[in-house]
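Inspection log for the structure reproduced underneath, given as structure tokens.
Protein chains get the first letters and strands the later ones, always in sequence-line order, with residue 1 at the start of each.
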Amino acid sequence: MKIHCCLLVVCLWGGLPSATFAADVETLLNDIKSVDQQAQGNRQAQQAIRELLKNDDVSLTTVLEAFSGANPLAVNWLRGAFESLADQRLKTTKTLPKKQLEAFVLDTRHDPRARRVAYEWLVKVDDTATSRIIPGMLNDPSVEFRRDAVARLLKQADTLFEDGKKSESQPIYEMALTGARDDDQIKSIVEKLRELGQEVDLPEHFGLLLSWKLIGPFDNSDEAGFDVSYPPETKIDPDGKYQGKDSTEVSWIDYATADDYGIVDLTKALSAHKGAVTYAYTDFVSDEDRSVELRLGTPNAWKVWVNGELVFGREEYHHGTRLDQYQFPAKLRKGRNDILIKVCQNEQKESWAQKWEFQLRVCDSVGTAVLSGNRPPRVVPDEAKDKAESGDNS
Amino acid sequence: MKQHLVFVSLALLSITQMGADWTQFRGSDANGISAEKLPVKFDISDGTNIAWTVDLPGRGLSGPIVIGDRVYLTASSGFRQDRLHVLCINAQTGATIWHRQFLATGRTMSHPKMCNATPQPASDGERIFAFFSSNDLICLDLDGNLQWYRGLTHDFPNASNSLGMASSPVVVGNQVVVQVENASESFATAMDVETGEQTWKIDRPVGNNWTSPTVLSGRTPDEKFVVLQSGENLIGYDPQTGQEVWKHAAECATIPSATVVGDMLYVPSQGLTALRYIPDSDAPEVVWQEQRLGPSTPSPIVYDGRVYTTNRAGVLRAGDATNGDMLWQLRLKGPFSGTPVIADGKMYLFSEKGLAQVVDLTGKKGKLVHSAEFVDTILCTPAAANGALYVRSDEHLWKITEKK
């Protein structure tokens, strides 16, 4: 009996590699793609990677193709598998399939993350690839390719600018701006264009929302207001009047920010309330049903609803803020969409804890602005200042 | 019995002197002490005792770890710090053996001084556990093959720290433990080293906490506690179950971490508090407290009967480890972020501005015996292994060793 058991074990262990070698690569890649939250599928994915690494016939681009539709965790598993395979091939054969990799990079139907991986391994074996590929990437679906293409144009334009050929630099800066999605590059370009006398609507480039209806303050003493559902969470009624903090009556006011980065300063709009909640509402007109990214920056606790549905919220105060601090997907329907933000201020007394503000933009996953069909003309800074000083929020 | 203890001690001593690996934050024993003999003099400007310099592909406050003849290091890059790098460097030559990259699945925002690659990686000798501020935890084998991947913010979307997170993982037996404590969704969790599957997850105090877990041995070599420190207390947990076993109910610092030496814990709390673990007790005994020994960012370090801390002004203070009596202080050029390393009676400190300072600890008072400018900002805790010290900046990794 013992002998049989041993034989069985030997057969299973001995047979396993050949059986799994025969398993088709697609099944292994699907096992990897099945990983999900909280280590779901980790064991199968781990085994699948081991089997892939044993198989000399697996095509590198087949692994890259599997990136399409993969969740962010699975992308990293696939990336790990690809890099181990590519490293193995590179060490063995001293090269990689350059033509296939380059064709994969140039085909924008593939997942942008996979194309970037292909590019980075291609340049390890072909140092001429960058100059061939990057110039054509200004409007690529991959943010990293765009960034490289913009950097290349910026370098050209800066050289002309510094050499006194300012008029020649201008169209190159303008071209760079069309592709730029990262704030550091955009800042650099806009600074030069403005120096050249060009007007740039920065909020429009980013898709920042500038015009809001605000209501508040409601009570947030001891930070207790985050989970209190005040009336605007139930119904948006532009004519509604409610009891706010300290029994004051609150109603909606119109407010438009003139800030280049769309910052709505609530201390300016409503006064510097502490332990307070305010809501900001805007309607956004989409020309189609579509997925977008909402990108929020705020140093305060917040919740965001789209068409009455809570998208995300976070109870954190005064731990830094920046453009695109929080990014979350949302669905817009064709026509009017309600966007509501709850912004909570606490009672910290430190000078760095006085900010009560937010900025929100609507864009696609690359960061390209998605503009509302009813986007109003931008309030110029001087008009906004005059309005704020006169207390006119109309 | 005494003979056994002597034997065990000698055995431990000989193991330490064989040239130990440096497998986690503050070394394999998490105490910042190395048995190596390191060069006292070194200089990057003329290459004195600099074996090699490696250009890094991204930023990092994480220190290197060393296993055998390989150095492992993390870095992060990209405008959003969302590209995660894990590097394996040949310790002899400085050549890159492998370099793997991943994309952060959690939020990457941090204070500008920090970056995504702030936690130090850890190893169980077979695997590398590379942890990032975005709460991505990557397990690779020593040859760079992915074993598993966890995105803890992907799993728990409000688990993130907008200032950046620095807590390093610790390996206890077959568990890797991480402390994910922040102003919103705060927890600690243990994962199986082979699969990344969760063994336990416990709620932790809400509030940003940059300290790292450490390990205390109990009555037997098998009895261990994972020690987690927070602004509320210091707790010893069973690493297999996450059950609380004992607690020191006093507010502790949230940046410098506790240091364990035998049954003693030196905890940044009310200055510095020395605690003794009492078997079967639900609380350790307070041995002494000394306000003046309170550390700033670097963790305390205990060596040869003395406890050392550095304060915000860059003053190195030495106290008696048995009673907390202040012994001496030495003004150095700080500030310091990384915890220093002590080897062969010398303390190696790297200031945030990149100034290396070597202090001789063997006399009655500490004596500065060498300084060297490294030019770059240095915030890491260095590693010491096989006669060499490894230190990194955002741009470089250096190997410092006696040139033959």
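For B/Arg100, the parts lying under 4.5 angstrom from a heavy atom of chain A are both the backbone and the side chain. With a 4.5 angstrom heavy-atom cutoff, A/Gln327 touches chain B only via side-chain atoms. Neither the backbone nor the side chain of B/His111 comes within contact range of chain A, judged by heavy atoms closer than 4.5 Å. Proximity to chain B (any heavy atom under 4.5 Å) is shown, for A/Asp184, by both the backbone and the side chain. No part of B/Asp143 comes within reach of chain A, as not one of its non-hydrogen atoms sits under 4.5 angstrom from that chain. Using a 4.5 Å cut-off between heavy atoms, B/Asn208 touches chain A through its side chain atoms alone. With a 4.5 Å cut-off on non-hydrogen atoms, A/Asp183 touches chain B through its backbone and its side chain both. When heavy atoms are compared at a cutoff of 4.5 Å, A/Gln185 does not approach chain B at all. Neither the backbone nor the side chain of B/Thr189 has a heavy atom closer than 4.5 Å to any heavy atom of chain A. Interface residue A/Phe312: only side-chain heavy atoms are found under 4.5 Å from chain B. For A/Gln40, no part sits under 4.5 Å from any heavy atom of chain B, backbone or side chain.
Between B/Arg80 and A/Glu144, none of the side-chain N atoms (NZ, or NE/NH1/NH2) sits under 4.0 Å from a carboxylate O, so this pair counts as no salt bridge. A/Asp148 has a carboxylate O that lies under 4.0 Å from a charged side-chain N of A/Arg116, or vice versa, which qualifies the two as a salt bridge. A salt bridge links A/Arg147 with A/Asp182; the closest basic N to acidic carboxylate O contact falls under 4.0 Å.
Note: A/Phe226 and A/Trp302 fail the aromatic proximity criterion, with ring centroids not under 6.0 Å apart. Centroid-to-centroid, the aromatic rings of A/Phe104 and A/His110 come within less than 6.0 Å.
Comparing B/Gly196, B/Ser160, B/Gly78 by how many heavy-atom pairs each has under 4.5 Å with chain A, the most go to B/Ser160. Across B/Leu152, B/Asn182, B/Val206, B/Asn158, the residue that shares the most heavy-atom pairs under 4.5 angstrom with chain A is B/Asn158. Ranked by heavy-atom pairs under 4.5 Å with chain B, the first of A/Glu315, A/Glu316, A/Gln38, A/Gln46 is A/Gln38. The candidate from B/Gln198, B/Met191, B/Met109, B/Glu185 with the greatest count of non-hydrogen atom pairs under 4.5 Å with chain A is B/Met109. Between chain A and the residues B/Asp155, B/Asp192, B/Leu103, B/Leu146, the largest count of heavy-atom pairs under 4.5 Å involves B/Asp155.
Stacking of A/Lys355 on the aromatic ring of A/Tyr317 is not recorded, the 6.0 Å distance cut-off and the 45° axial limit not both being met.
The number of heavy-atom neighbours closer than 6.0 Å to CD of B/Gln92, taken from other residues, nucleotides and ligands shown, is 12 or below.
Judged purely by atom type and a 3.5 angstrom limit, A/Arg152 has no side-chain atom pairing as donor or acceptor with the backbone of A/Ile134.
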